[in-house]
Number of protein chains: 2
Amino acid sequence: MPASIGLVERLTREIVETIRTENLQPGQSLPSAKVLASRFEVTVPTVREALRRLEATGSVELKHGSGTYVREAINRRILDNPHYVPVDLAAAIELLDARIAIEPGIAELAANVQDADAVNSMESALDNALQVKTAVPAGHFHVELARASGNRALHEMLVSLLAIHSRTQQAARTSYDRLRDHDEHADILDAIRRGDGFEASHRTRKHLEAIKTAVLADWADDTDPTEGSRR
Amino acid sequence: MPASIGLVERLTREIVETIRTENLQPGQSLPSAKVLASRFEVTVPTVREALRRLEATGSVELKHGSGTYVREAINRRILDNPHYVPVDLAAAIELLDARIAIEPGIAELAANVQDADAVNSMESALDNALQVKTAVPAGHFHVELARASGNRALHEMLVSLLAIHSRTQQAARTSYDRLRDHDEHADILDAIRRGDGFEASHRTRKHLEAIKTAVLADWADDTDPTEGSRR
DNA sequence: AGTGTTTAAGTCATCTAATCACTTCAGTGG
DNA sequence: CCACTGAAGTGATTAGATGACTTAAACACT
């Protein structure tokens, strides 16, 4: 019987186990590939293959000439596919539909939990949104909203969704009105602060549906009226 | 300026691009590592590191002595972290909370869309659920429900959630009553068939909340009444 | 002809060894 | 004090070789 899974597979798990048992936090460095090789009694190329696997899921980062470092994603359950290549604009709409389906429920939960740190972060995201030099990344408000729910799985889910969204929306330039975006965010935050789950859910849904409408309108504008497809 | 990203990083993208342009479908084999190496003018170990990255995200599979094959996940946006190690039982509850937050919305969407193939698949999942030799994997009904929504992102999300769930619930043995599970699924499917989004959403939420209650009850049973914590 | 075994080619798996490139930091000299 | 330099450590990539596994064709036996 093939009870023997690949050596790299096993080695990968052992490295993760090492990170766990030695309580290495994101930012800290792993032993060098050479050290890991001797410790697990394999050769350097094998170690590198295992590290490449962990790199693909964002669990570690290989810095040339410096070392190998633990990254945040090692604690994440839900990830976005780093090798996914965005295809058409319809995929962007599909992502928005997905958000419309799940974010209202997240907003409701956030209203009931109200993780203090995350709620404050939503507030600051709100403030910075109107600044010209917006250091806050797009969608940050929504990510923090998910974090306010206190559920890490939901948080990771929205992080993943927006990561894909940002890669996809190269095509779909969302020209959603900045001021309107801010106001609607403020309304949502208000409902969450009051602990009104129903309103938070409802306003979040309306907000996202409005964005979808705007994106669709942009699409219609971009498309040549005399022609159905582009390229 | 670091205009130079790693060679492996670039190579990985080129391989994905090759799969795309040559329209290789899941199950089909990639050229051998040696061929890829000469085609992209790198050496075999470098190719292998790139393939390991793709392997980690389930985009390809390396079969010893056979070849490298494309896998389904190459078309997925949302993934579960293959290196995630389940920790405590509280994480299982957190996953259930996440499902309670998002699945009602998915059920509502499913009621409005009703992807024919997926709805039929839900039906068959329902039928097989009561068989002793249950070939249908756990949670299959819920995955198909998400597929019935017609939104691939949502479908992938639930696949990921349940993949993690199955790895976590080694600890949390859900002893949810099989018959009750079946009946509640039937009720949900009924609402979806009727196109009643509100009912589908409501019944899905109640169903998941009932499961959560059952899991918590199991937990209480397992825990020694005289002691608050274990380990 | 049909069946089972053997053989050979192709492929991934792993190792050994070496060179190159990048980062860091301590030490040097200004 | 500061800028420069150089050495050490580390990852990046290459090269070649050996082993193990899979597959299927060639073969021998029935």
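In the text below, chain A, chain B and the rest are named by the order of the sequence lines, each starting its count at 1.
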query = What does B/V8 touch in the nucleic acid at a heavy-atom separation under 4.0 angstrom: a base, only the sugar-phosphate, or nothing?
reply = sugar-phosphate

query = Roughly how many Å is it from CG in A/L7 to C1' in D/dA20, rounded to a whole number?
reply = 13 Å

ask   = Is B/S66 near enough to D/dT22 that one of its side-chain N or O atoms lies under 4.0 angstrom from OP1 or OP2?
value = no

message = Can you measure B/E55 atom CD to C/dT11 atom P for me and round it to whole angstrom units?
response = 19 Å

ask   = Yes or no on salt bridge (Lys or Arg N to Asp or Glu O under 4.0 Å) for A/E22 and A/R39, after CA distance, side-chain angles and deciding distance?
value = CA-CA 14 Å; A/E22 299 194 6; A/R39 177 182 304 181; 3.6 Å; yes

message = Between A/E55 and A/R48, does any NZ, NE, NH1 or NH2 come within less than 4.0 Å of an OD or OE carboxylate oxygen?
response = no

inquiry  = I need the CZ-C1' distance between A/R10 and C/dT14, as an integer number of Å.
reply    = 13 Å

remark   = From NE2 of B/H64 across to P of C/dC15 the rounded distance in Å is 12 Å

task = Measure the distance from CD on B/E49 to C1' on D/dA15 and round it to the nearest whole Å.
result = 14 Å

task = Hey, which sits more toward the 5' end of DNA chain D by its nearest nucleotide, B/K63 or B/T46?
result = B/T46

remark   = In whole angstroms, the gap separating C1' of C/dC15 from NZ of A/K34 amounts to 15 Å

ask   = Do any side-chain nitrogens or oxygens of B/R52 fall under 4.0 Å of OP1 or OP2 in C/dT14?
value = yes

Least distance between heavy atoms, A/A56 atom then A/P82 atom = O-CG, 3.2 Å

ask   = So which nucleotide from C/dA13, D/dG11, D/dT14 ends up closest to the side chain of B/L62?
value = C/dA13

key: B/T57-B/R76 side chain donor-acceptor pair, cut-off 3.5 Å   = no

query = Between D/dT14, D/dT13, D/dG11, which nucleotide has the shortest distance from any of its atoms to the side chain of B/P45?
reply = D/dT14

key: Electrostatic pair B/E9:B/R13 at N-O distance under 4.0 angstrom   = yes

Integer-rounded Å distance: C/dC12 C1' and B/L51 CG = 10 Å

ask   = In whole angstroms, how far is the C1' atom of C/dC15 from the CZ atom of A/F40?
value = 18 Å

message = When you measure from the side-chain N and O atoms of A/R48 to the phosphate of D/dG11, is any distance below 4.0 Å, counting only OP1 and OP2?
response = no

request  = Look at A/T68 and D/dG11 and indicate whether a side-chain polar atom (N or O) is within less than 4.0 Å of OP1 or OP2.
outcome  = yes

